[in-house]
Enquirer: 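One structure, pasted below without further comment.
In what follows, chains are A, B, ... by sequence order, proteins preceding strands, each numbered from 1. The figures here come from the full heavy-atom set of this structure, side chains too, leaving out hydrogens, waters and symmetry mates. Everything numeric in this text was worked out from a predicted model, so none of it was measured.
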Number of protein chains: 2
Amino acid sequence: MGRPSTSQDTAGRILDIAGQLLQTRGYNAFSYADIAQSLHVTKASLHYHFPTKAELGKRLIERYKYAFLESLAEIDRSGAGAREKLKHYVGLYVDVLRDDRMCLCGMLAAECATLPKPMKTELKQFFDDNERWLVAVLEQGRSDKTLRFNGAPRDVARLLVGSLEGAMMLARSYDDVTRFQATADHLLTGIGIGN
Amino acid sequence: MGRPSTSQDTAGRILDIAGQLLQTRGYNAFSYADIAQSLHVTKASLHYHFPTKAELGKRLIERYKYAFLESLAEIDRSGAGAREKLKHYVGLYVDVLRDDRMCLCGMLAAECATLPKPMKTELKQFFDDNERWLVAVLEQGRSDKTLRFNGAPRDVARLLVGSLEGAMMLARSYDDVTRFQATADHLLTGIGIGN
DNA sequence: GTCTATAGGTGGATAGAC
DNA sequence: GTCTATCCACCTATAGAC
């Protein structure tokens with residue numbers, strides 16, 4: 001989930017650079033000019049591929065969500081237990097952070113009041129998808145007794161997503177990945193994961 | 001901690017409006033023009049009180065931090081137990097959220113890569129102050145047995161700050177304060193707070 | 001302290017040649 | 001598909017009158 005696989009076509013390269021900018025600076029703090037400079041093309045060329053910034057933003061979320069869900073599907077295919085699945089889930093966040101990025105959707109969540117509606121819709125879908133996947137893992141772990149936690153899986157899933165996004169944000173402010181790791185470990189311990 | 005007490009002088013009114021804009025839209029998504037329109041003055045007048053936006057931003061953090069610390073001091077003066085102190089602490093976040101705002105420093109944490117250095121320094125101080133206060137409360141609760149939790153108070157304090165900021169961000173994306181409340185309650189339960 | 005006026009730069013976006 | 005050239009709105013910031 002860190003850097004996207006070096007893409008082939010121009011549209012893909014634009015998304016790569018735009019994504020890196022969005023995840024480090026935020027949606028309102030990067031411009032077509034930034035992308036153009038990085039990609040050695042003109043701004044006009046970018047508008048051929050993505051007519052508006054709102055469209056570019058929407059496509060960025062779609063791509064990020066797709067890649068994230070693909071990672072989750074791969075975790076499922078690994079046949080790991082609930083505890084290991086959660087650890088892998090946290091690992092996805094760590095990968096992003098190690099690449100000096102914030103989660104694309106966590107960043108947008110902060111800026112949500114300034115986003116065009118299509119982006120807001122996609123954004124919620126990302127978090128809903130994460131919640132859905134986590135709920136399944138939590139239910140699995142509860143029924144096979146590998147996880148123990150209080151309350152509804154849905155609430156715990158929301159706690160996890162929110163806490164991981166927040167911890168990520170703070171870790172970035174301090175430029176200290178270990179800060180995230182410590183919080184994530186503590187969180188998982190609370191759900192009955194030792195080490 | 002929600003809306004600042006209706007201020008007297010112009011500088012204070014500027015900070016009120018700028019703060020509201022910063023907490024809803026983000027530092028990179030509001031301008032002197034926005035403040036000027038809201039306050040019915042010209043942009044030039046604003047520059048008399050705050051020469052640069054970086055200076056304005058720094059002063060905003062300072063004021064927010066001061067008010068927050070004042071609220072924490074008041075909680076201390078109340079003589080409440082550790083459990084009640086934590087509940088009041090969460091209450092401060094709820095107040096901000098009910099005012100349709102993000103925590104000023106949580107918002108800036110997301111944008112940290114684009115902030116001038118003086119603002120970044122102030123930002124960290126805010127989180128350090130919060131951590132310090134929480135550590136004291138956690139130690140108090142652990143020693144008088146009103147709280148029980150695993151690990152170092154420092155790590156739990158960081159977990160709390162990060163998780164509350166993250167939950168706040170997501171609650172705002174969904175425009176649903178109850179989402180924050182549920183997560184906060186769950187968090188406190190994990191530290192041994194029933195209801 | 002607040003105003004008008006303006007500078008100098010950047011934002012997203014388009015027209016039209018190649 | 002990429003370019004040059006350009007539009008217009010907006011940005012932060014300053015000079016100087018009142």
Enquirer: Write down the distance between CD1 (A:I35) and P (C:dA13), rounded to a whole number of angstrom.
Expert: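 Result: 11 Å.
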
Enquirer: Any link between B:V94 and B:L86 through a network of hydrophobic side chains (Ile, Leu, Val, Met, Phe, Trp, Tyr) touching at under 4.5 Å?
Expert: yes

Enquirer: C:dC3 P sits how many Å from B:H49 NE2, rounded?
Expert: 9 Å

Enquirer: Using the side-chain hydrogen bond (donor to acceptor under 3.5 Å, both in side chains) rule, collect all pairs that involve residues 102-122 of chain B, keeping only residues at least two apart or in two chains.
Expert: B:N28-B:E111, B:N28-B:T114, B:K65-B:E122

Enquirer: Show which side-chain atoms of residues 141-158 of chain B pair as donor or acceptor with protein atoms under 3.5 Å away, not counting sequence neighbours.
Expert:
{"from": "B:R142", "atom 1": "NH1", "to": "B:G151", "atom 2": "O", "distance (Å)": "3.4"}
{"from": "B:R142", "atom 1": "NH2", "to": "B:F149", "atom 2": "O", "distance (Å)": "2.7"}
{"from": "B:R142", "atom 1": "NH2", "to": "B:G151", "atom 2": "O", "distance (Å)": "2.9"}
{"from": "B:S143", "atom 1": "OG", "to": "B:E139", "atom 2": "O", "distance (Å)": "3.2"}
{"from": "B:S143", "atom 1": "OG", "to": "B:Q140", "atom 2": "O", "distance (Å)": "3.0"}
{"from": "B:D144", "atom 1": "OD1", "to": "B:T146", "atom 2": "N", "distance (Å)": "3.0"}
{"from": "B:D144", "atom 1": "OD1", "to": "B:T146", "atom 2": "OG1", "distance (Å)": "2.6"}
{"from": "B:R158", "atom 1": "NE", "to": "B:E131", "atom 2": "OE1", "distance (Å)": "3.0"}
{"from": "B:R158", "atom 1": "NE", "to": "B:E131", "atom 2": "OE2", "distance (Å)": "3.4"}

Enquirer: I want to check one thing: is the phosphate of C:dT2, taken as OP1 and OP2, less than 4.0 Å away from some side-chain N or O of B:T42?
Expert: no

Enquirer: Of all residues at least two apart in sequence or in a different chain, which pass the salt bridge (Lys or Arg N to Asp or Glu O under 4.0 Å) check with A:D176?
Expert: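 Expected list: none.
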
Enquirer: ring-ring contact (aromatic ring centres under 6.0 Å, His included) with A:Y174: which residues, sequence neighbours excluded?
Expert: none

Enquirer: Using a cut-off of strictly less than 4.0 Å between a heavy atom of the residue and any atom of DNA chain D, enumerate the qualifying residues of residues 113-122 of chain A by number.
Expert: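 Contacting residues: none.
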
Enquirer: Count I, L, V, M, F, W, Y as connected when their side-chain heavy atoms are under 4.5 Å apart, and connections chain through other members. Are A:V137 and A:V135 then in the same cluster?
Expert: no

Enquirer: Scan nucleotides 8-12 of chain C against the protein and return all N/O pairs shorter than 3.5 Å with their distances rounded to 0.1 Å.
Expert:
{"from": "C:dG11", "atom 1": "OP1", "to": "A:S31", "atom 2": "OG", "distance (Å)": "3.0"}
{"from": "C:dG12", "atom 1": "OP1", "to": "A:F30", "atom 2": "O", "distance (Å)": "3.4"}
{"from": "C:dG12", "atom 1": "OP1", "to": "A:K53", "atom 2": "NZ", "distance (Å)": "3.3"}
{"from": "C:dG12", "atom 1": "OP2", "to": "A:Y32", "atom 2": "N", "distance (Å)": "3.0"}
{"from": "C:dG12", "atom 1": "O6", "to": "A:K43", "atom 2": "NZ", "distance (Å)": "3.4"}

Enquirer: For residues 37-50 of chain B, which side-chain N or O atoms pair as donor and acceptor with protein atoms under 3.5 Å away, sequence neighbours left out?
Expert:
{"from": "B:T42", "atom 1": "OG1", "to": "B:S45", "atom 2": "OG", "distance (Å)": "3.3"}
{"from": "B:H47", "atom 1": "ND1", "to": "B:P51", "atom 2": "O", "distance (Å)": "2.8"}

Enquirer: Below 4.0 angstrom from OP1 or OP2 of D:dT2, is there any side-chain N or O of A:T10?
Expert: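 Answer yes for this pair, as a side-chain N or O of A:T10 is under 4.0 Å from OP1 or OP2.
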
Enquirer: Report for the helix from C:dG1-D:dC18 to C:dC18-D:dG1: angle between first-end and last-end helix axes, five pairs each, rounded to 10 degrees.
Expert: 0°

Enquirer: State which residues pass salt bridge (Lys or Arg N to Asp or Glu O under 4.0 Å) with B:R172; sequence neighbours excluded, sorted by chain then number.
Expert: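 Per chain and number, B:R172 pairs via salt bridge (Lys or Arg N to Asp or Glu O under 4.0 Å) with no residue.
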
Enquirer: Taking the basic N atoms (NZ, or NE/NH1/NH2) and the acidic carboxylate oxygens, is any pair closer than 4.0 Å for B:R132 and B:D129?
Expert: yes

Enquirer: Which whole-number value in Å describes the distance from B:L56 CG to D:dT12 C1'?
Expert: 12 Å

Enquirer: Nearest whole Å is fine: how far is C:dG1 P from B:Y48 OH?
Expert: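 Distance, rounded to whole Å: 4 Å.
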
Enquirer: Please identify each residue that fulfils salt bridge (Lys or Arg N to Asp or Glu O under 4.0 Å) with B:E70, with sequence neighbours left out.
Expert: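 B:E70: salt bridge (Lys or Arg N to Asp or Glu O under 4.0 Å) contacts with B:R77.
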
Enquirer: Holding to ring-ring contact (aromatic ring centres under 6.0 Å, His included), I want the full list of residues that pass it with A:F180, two or more places apart in sequence or in another chain.
Expert: none

Enquirer: Would you mind reporting whether B:D76 and B:K85 have side-chain heavy atoms less than 4.5 Å apart?
Expert: yes

Enquirer: So, does B:S45 get its side chain near the phosphate of C:dG1, meaning an N or O under 4.0 Å from OP1 or OP2?
Expert: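 So the side-chain polar atoms of B:S45 never come under 4.0 Å of the phosphate oxygens OP1 or OP2 of C:dG1.
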
Enquirer: Crowded around B:D175 CG? As in, over 12 foreign heavy atoms under 6.0 Å?
Expert: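 Not more than 12 within 6.0 Å, no.
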
Enquirer: What's the CD-C1' distance between B:Q37 and D:dT12, to the nearest Å?
Expert: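 Spelled out: CD on B:Q37 to C1' on D:dT12 is 17 Å.
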
Enquirer: Would you kindly give the NE2-to-C1' distance between A:H40 and D:dG1, to the nearest whole Å?
Expert: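 In whole Å, D:dG1 C1' lies 18 Å from A:H40 NE2.
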
Enquirer: Hey, what are the protein-to-nucleotides 16-18 of chain D N/O distances that come in under 3.5 Å?
Expert:
none

Enquirer: Evaluate the side-chain proximity of B:D16 to B:R63: yes if any heavy-atom separation is below 4.5 Å, no if none is.
Expert: yes

